[in-house]
Participant: 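Have a look at this one before I ask anything.
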Amino acid sequence: MVQINFIPLDYGYFDWQGHNYVRIIGRDDRGKRVCLIDNFEPYLWAVLKQGISDRRIKELQRKIDKIEIKLPSRITKVKKTEIHDKNFLGKSVKAFKIFITNYKDAHPVANKLDFKEIEARREYDMSLITKYIIDKKFIPLSWRKISGEILNNSSEFGGIDSAFDIDTCIKVEKIEKIENKKFKPKILAFDIESDELELGKGEILMISLVSDNFKKVLTCKKSLKKPTYVEYFKSEAEMLEAFIDYVNKISPDVLVGYFSDGFDIPYLKARAEKNKIKLSLGLDKSQPSFFRGRIPKAKITGIVHVDLFRFIETVYSQYLQSETLGLNDVAYELLGEGKKEFNHKHSSKIKEHEWENYFEYNLQDSILTYKLAEKFWPDMIEFSRIIQEPLFEITRSSMAHLLEDYILHQLNNYNEIAEKRPLHDEIKERRQRKRVEGAFVLEPKAGLYENLAIFDFTSMHTSIIVSFNISKATLLKKREKNSYESPEVEFAGKKTRFYFSKKPGFFPMMFKELIEKRKKVKREYKENPNPITKARSNAFKLLSAAVHGYIGFFGARYYSLESSASILAFVRKFNKETIDKTRNAGYNVIYGDTDSVAFQLKNKKRTETLKFLKKLNSELPGIMELELEDFYKRGIWVTKRAGGFGAKKKYALINERGKLKIRGFETVRRDWCNLVRNLQNDILQRILKDGNEKKAFQILQKTVDDLKKRRVSRDEILIRTQLKKPLSEYKARTPHVIAAEKMKKSGTPVDMGMLIEYFIAETRLKKSLVREKVKLPDEKGEYNIKYYLEHQILPAVENIFEVFGIKKEDILIKDQKKLTEF
DNA sequence: GAGCTCTTCTTACC
DNA sequence: ACTGGTAAGAAGAGCTC
């Protein structure tokens, strides 16, 4: 019997003599790599209908105990059946806990439970690892004291201890909770370069590896100078083998790449196959396995493969200003350094002296990936601990999936049996439903305003869910006395109201607790700001923000469109009420969107306004809360280009400290050229600072002049538009589709998700469509002055100057003559 | 071929 | 297919006159 302190990193399972065992790879507190083997007792639930007699229950139990699934490879039996008092969708129920010998057959066992006394069969559709973590409270990346027996060249479990490259293998007897201590994982970042983007098409030219005090580029190409970090190999095969050796030797906890699920790992696998090499990266020398999904997930046994791109995409992209989530943009924003310059061309055309630069470029990618991984480690570890799912899962799951995992791991606190995942037909039906009415947006009156404030609701949707006890399980079939009543909603073509029980449901309670946890962590962060508390606070924030969307998501276990419709009806009601109350208090309300109200203070003082906020808060139910977003010195709202009404979701503000808040304007949209984005930004800034348009107009005149004199660089007039689907699926012949087709024709690989760059050029055609003037950035040709004037500059500034009574004609009139010259 | 509406598409806001 | 609804706006398609 041994005892160690252990932190789990990678979870897997295997079968031995027809039973399931869980295999956990992690470290002990001396840094040794340990593999734990633990038994897993699979079970599922059968929820009984109300009022079944004890005698009948006994009878059923006997029948269930006899269930057997016979397969060629194994026989799965019911081991035992227990009767428990549980909750299911908030109701107290009696349920059978049916233990079976192999979880893989839980589904067929569930199918055999078709007794009329059984209302529902549940928890046979969850991941085995999820159930294991819940049952043993063995939370990923959390320290535990493990007692057990060391396996040493044991034949038990088929000799697993010798198959794995580990220091110790322990058969678990006991798991005890201990206080979390620090853990610094060994991270290894990698990146490959190849001629082709299509997986496995061309050979791999080089592979870079970066870890703590370790930098390498492995290559099978020759260069003139030989940097110390480069290792040369005779062939691609030898290079691949060296890569595998290095990964095995360094033996990292985390192998991290950037888009490595979608590119590097599958590419390596394909090239290894071509070279008849086994890509034995796993601790048991196994090859990466791929799990299906939008992008297949590449799993390496014993080492956590993290595709940092995927994690950043789901949990961090909303905070990033970067125009793309490519490594260069993200690294620039977060690390202040980007990729190295390298002019990509086919390897056959790269000269001997150029390879050195390519190596450096390749190395830099791994360096950036490594640094980003270090930066995001607190986020990864906190997400993993809070959601209680392994690192591999939480770095790849969508937000809805993360939230659902969080819910599943919390259910035990409420003695709840988990709801099932919707089946195919159910998903289809849900997706066909009419969408429910959303939030309210108040149409602003265009103008320049001074002395403003914005109030907004904190976590509005979630606080409504909590305050009105809204969920699938608390929804009442019909009106009941003493229940929460939603405002009137249009649902399935009828006007109706929904009612929710006042008995607190597990779902709203769970998120009440989550909001409380977040508040606590936020306080902790304020007292002691550090990356861990920041990451924890952020994880709670993101989960909380996703709850309403999750309820309306067709794939959710706890989907409830009635709940979603009710939440949104409350959102509209409270926003409108707040707008009315603000107006009635003597403020000039300018605008409001979903959970906010923007207004002019007029003659009122700030202290008075804060007092008014307090009053509003005292009138709000439950945990709902309105807060001051900020006071603003000035703000501008413009009209729509069509129709002359005030444009929603489009405004710019400046606060006392001179900080701008610009929403919706072209300057924040990446599909407008930089010339116009910068121009509009300058104009808005000038106007908000000065309170008038004089200088801003001069800025405009100068830019128009530059444009006409062709002093504007190519870079500034490039328009970037993303390909949102495969090129072949486009019905419309839009400029960016034409540009993408041109790229393809010229040999540049074009893929879904790419940001297509182009500009609009002068043509000899007298009358023509925009798409006929599309040119790629490196094509010869001059920019089309008329287009950039009338379709870029003017649309972006016209409505701003209109606020000051300056018309489109006033902007152009001075230049009318000049215009005709071109 | 001008002028209109409608569809397709992208990207924003909350 | 992998949170939701609301909205602006460009470009092109298709129609009428």
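Worth knowing before you read on, the calculation uses all heavy atoms, side chains too, and leaves out hydrogens, waters and symmetry mates. Just so you know, these numbers come straight off a predicted model, no measurement behind them.
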Participant: Which sits closer to the 5' end of DNA chain C, A/G293 or A/F440, going by the nucleotide each is nearest to?
Facilitator: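 Its nearest nucleotide being more 5', the pick is A/G293.
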Participant: Looking only at side chains, do A/S322 and A/E333 share a donor and an acceptor under 3.5 Å apart?
Facilitator: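 Judged by distance alone, the side chains do pair up.
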Participant: Between B/dC14 atom P and A/R572 atom CZ, what is the distance in whole Å?
Facilitator: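 The answer, rounded to whole Å, is 18 Å.
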Participant: Using a distance-only test with no angle check, is there a side-chain donor-acceptor pair under 3.5 angstrom linking A/T324 and A/D329?
Facilitator: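 Per modelled atom types, A/T324 and A/D329 side chains form a pair under 3.5 Å.
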Participant: I'd like to know if the side chain of A/S563 pairs up with that of A/S560 as donor and acceptor (distance under 3.5 Å, no hydrogens or angles considered).
Facilitator: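 Present: a donor and an acceptor within the cut-off.
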Participant: Quick check on contacts: within residues 724-739 of chain A, what sits under 4.0 Å from DNA chain B by heavy-atom distance?
Facilitator: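 Result for residues 724-739 of chain A: A/K724, A/K725, A/Y730, A/K731, A/A732, A/H736, sorted by number.
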Participant: Parallel, tilted or perpendicular: which describes the rings of A/F511 and A/Y406, with under 30° parallel and over 60° perpendicular?
Facilitator: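 Geometry flag for A/Y406 against A/F511: tilted rings.
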Participant: When the axes are fitted on five pairs at both termini, how much does the helix from B/dG1-C/dC17 to B/dC14-C/dG4 curve, in 10° steps?
Facilitator: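 Answer for the end axes of this duplex: 10°.
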Participant: Taking the P atom of each, how far is C/dT3 from B/dT7, in whole Å?
Facilitator: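 28 Å, rounded to whole Å.
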Participant: Give A/R641 one of three labels, base, sugar-phosphate or nothing, depending on what nucleic acid heavy atoms sit under 4.0 Å from its own.
Facilitator: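 Sugar-phosphate: the residue A/R641, judged by heavy atoms under 4.0 Å, touches backbone atoms but no base.
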Participant: With no hydrogens and no angle check, just 3.5 Å: does a side-chain donor-acceptor pair link A/N538 and A/Y319?
Facilitator: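 There is such a pair between these side chains.
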Participant: Mind checking A/Y651 for me? I need base, sugar-phosphate or nothing, with any heavy atom below 4.0 Å counting as a touch.
Facilitator: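 Sugar-phosphate: the residue A/Y651, judged by heavy atoms under 4.0 Å, touches backbone atoms but no base.
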Participant: Answer whether the closest heavy-atom distance between the side chains of A/Y559 and A/P422 falls below 4.5 Å.
Facilitator: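 Result no, sub-4.5 Å side-chain heavy-atom pair not found.
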Participant: Which two nucleotides bound the region of DNA chain C that has atoms under 4.0 Å from heavy atoms of chain A, read 5' to 3'?
Facilitator: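 Terminal contacting nucleotides, 5' to 3': C/dA1 to C/dA13.
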Participant: For A/H791, report the nucleic acid contact type (base, sugar-phosphate, nothing); a contact means any heavy atom under 4.0 Å.
Facilitator: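 Answer is sugar-phosphate: A/H791 comes under 4.0 Å of backbone atoms only.
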Participant: Touch check for A/A546, heavy atoms < 4.0 angstrom, all strands: base, sugar-phosphate only, or nothing?
Facilitator: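 A/A546: no heavy atom of the nucleic acid under 4.0 Å.
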Participant: Looking only at atom C1', what distance separates C/dC2 and B/dT8, rounded to whole Å?
Facilitator: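 To the nearest whole Å, 24 Å.
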Participant: Using a distance-only test with no angle check, is there a side-chain donor-acceptor pair under 3.5 angstrom linking A/H548 and A/T462?
Facilitator: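 No, because no side-chain N or O of A/H548 sits under 3.5 Å from a partner of the opposite role on A/T462.
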Participant: From CD1 of A/I662 over to P of B/dC13, roughly how many Å is that when rounded to an integer?
Facilitator: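 Roughly 10 Å, once rounded to whole Å.
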Participant: Counting the atoms with a prime plus P, OP1 and OP2 as sugar-phosphate, which does A/G552 contact under 4.0 Å by heavy atoms, base, sugar-phosphate, or nothing?
Facilitator: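 Contact class for A/G552: sugar-phosphate only.
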Participant: Quick test of your reading of the model: are A/K650 and A/E666 salt-bridged, counting only N-O distances below 4.0 Å?
Facilitator: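 A/E666 and A/K650: salt-bridged.
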Participant: Salt-bridge test for A/E577 and A/K573: reply yes if a basic N is under 4.0 Å from a carboxylate O, no otherwise.
Facilitator: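 Yes.
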Participant: Check every strand shown and say whether A/Y787 touches a base, only sugar-phosphate, or nothing at a heavy-atom separation below 4.0 Å.
Facilitator: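 If one applies the 4.0 Å heavy-atom cut-off, A/Y787 turns out to touch the sugar-phosphate alone, with no base involved.
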Participant: Specify the separation, in whole Å, of atom CG of A/D671 and atom P of B/dA12.
Facilitator: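 It is 7 Å, rounded to the nearest whole Å.
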Participant: Would you say the base of B/dT11 and the side-chain of A/R669 have a donor-acceptor pair closer than 3.5 Å?
Facilitator: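 Such a pair is found, so the answer is yes.
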Participant: Counting the atoms with a prime plus P, OP1 and OP2 as sugar-phosphate, which does A/R663 contact under 4.0 Å by heavy atoms, base, sugar-phosphate, or nothing?
Facilitator: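 Contact class for A/R663: sugar-phosphate only.
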Participant: A/R396 and side chain to side chain donor-acceptor pair (under 3.5 Å): which single residue from A/D307, A/D261, A/T314 fits?
Facilitator: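 Per the side chain to side chain donor-acceptor pair (under 3.5 Å) rule, the option paired with A/R396 is A/D261, out of A/D307, A/D261, A/T314.
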Participant: Tell me if the aromatic rings of A/F665 and A/Y651 count as close, with their centers under 6.0 Å from one another.
Facilitator: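 A/F665 vs A/Y651: aromatic centres not under 6.0 Å.
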Participant: Give the ring-plane orientation class for A/F570 versus A/F574, where under 30° counts as parallel, over 60° as perpendicular and anything between as tilted.
Facilitator: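 Parallel.
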Participant: Specify the separation, in whole Å, of atom CD of A/Q321 and atom C1' of B/dT11.
Facilitator: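 It works out to 15 Å between those atoms.
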Participant: What does A/G438 touch in the nucleic acid at a heavy-atom separation under 4.0 angstrom: a base, only the sugar-phosphate, or nothing?
Facilitator: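 Here A/G438 touches the backbone only, sparing every base.
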